[in-house]
Amino acid sequence: MKPKTSKKLNNPTDFSKFSNEELAEAFIFPRIEPKTAKEKQEEEAFWQERRTSFENRTPKQKMYTKLLQLKFQLEEYIGSNQYEEVLNFGYFLNEYVNRQEKQDKELAAEIDVKPDVFSQYLNNHRKPTKKFVIRLELHSNGMIPAISWFKLLQKDKEHDIITDKAIRKEESKHVKRRLEFA
Amino acid sequence: MDTKGIARINKSKRFDFNWNKEKQYEVYKLTAIGVDEPLGLMSLKERPTDYAIEIRLLGVSFENIGRAKQYQRITGCLIALACEKAFAIGYDGYVCLKPKTELKDHYITKYGFQSTKLFLITDGKNSLKLIDKYYET
């Protein structure tokens, strides 16, 4: 049985003209709220089961969820036009370490980076190298690709070049002549 | 989308259903490069206490329904967007919807949803698969 056109909803489409497959490819129909006490009970039982299953994940599963969350937060951020100073390379690297419940030194050792160098990356005092972001990709088993780390660095750089007034002042000494436009 | 945008789209009559009813939820639109009008709309309800995102309503524009549709994969892209949100919030990609009984099997076959008595659900690997297929950035 196909969903019928509802004049009340003022739908322009006559749903009866389409196959179920075509309708499934075009719509997820409005949610029908549970009406009877039994339906409400069944729905509550469904959500209870979901809560129990999520809260009883193993520590390993919890860590995996946190890392996936970080991956998508990072991708969402680098894909947006917004710039937020706090969301720099050091912030995401720090999150990558913390979500694995590791010490900085431990992670540095796992990717063969000196602890003091690693600390400089964490504090944004040194620009990470190509090799470093590749090692991060390999360490996450490809979950967070090197290109995401690279785009994050690029985003920091773009903001810096747009906003750095000091360098403009400094470099203007070296510009002997400027184009003039009417 | 903001409430003004939803009202404008509702007025345009390019979409079925009353989208004004979705103003209290998160409504997303899918557009294509060089196309002004949205191709698809989706209303999501975040359920923080249940660690889930629920798709309340999804629809493509009237010219994209059926065999003569102009764009393929609109619904897949929107479902993948919901999965991406569900990972970014920390719900392990858990997305659910309450389907019309007669359409249930198509959602399962096409998008790999799992069936429970009331809802269809996707999470973890299947949600990652959907993002990879429809929404890779």
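Each chain gets a letter, A, B and so on, in the order the sequences are listed, and its residues count up from 1.
Both the backbone and the side chain of B:Ile65 come within contact range of chain A, with heavy atoms under 4.5 Å apart. Interface remark: B:Arg73 contributes no atoms to any contact with chain A (heavy atom separation under 4.5 Å). No part of B:Leu41 comes within reach of chain A, as not one of its non-hydrogen atoms sits under 4.5 angstrom from that chain. Looking at A:Glu21, both its backbone and its side chain come within 4.5 Å of chain B, counting heavy atoms on both sides. For A:Gln61, no part sits under 4.5 Å from any heavy atom of chain B, backbone or side chain.
In terms of heavy-atom pairs under 4.5 angstrom with chain A, the leader among B:Glu54, B:Met42, B:Arg14, B:Gln72 is B:Glu54. Counting heavy-atom pairs closer than 4.5 Å to chain B, the top-ranked of the candidates A:Gln48, A:Glu55, A:Lys66, A:Glu49 is A:Glu55. Note on B:Phe62, B:Tyr94, B:Tyr91: by heavy-atom pairs under 4.5 Å with chain A, the leading option is B:Tyr94.
Remark: A:Arg57 is positioned above the aromatic ring of A:Phe54, its terminal NZ or CZ atom under 6.0 angstrom from the ring centre and at most 45 degrees off the axis.
A ring-centre distance under 6.0 Å is found for B:Phe17 and A:Phe29.
Nearest heavy atoms, B:Thr31 versus B:Leu39: C-CD1, 4.3 Å.
Taking NZ of B:Lys45 as the start and CG of B:Asp50 as the end, the distance is 8.5 Å to the nearest 0.5 Å.
Taken together through direct or relayed side-chain contacts under 4.5 Å among Ile, Leu, Val, Met, Phe, Trp and Tyr, B:Tyr71 and B:Tyr111 form part of one hydrophobic cluster.
Between A:Glu25 and B:Lys69, at least one side-chain N (NZ, or NE/NH1/NH2) sits under 4.0 Å from a carboxylate O, which counts as a salt bridge.
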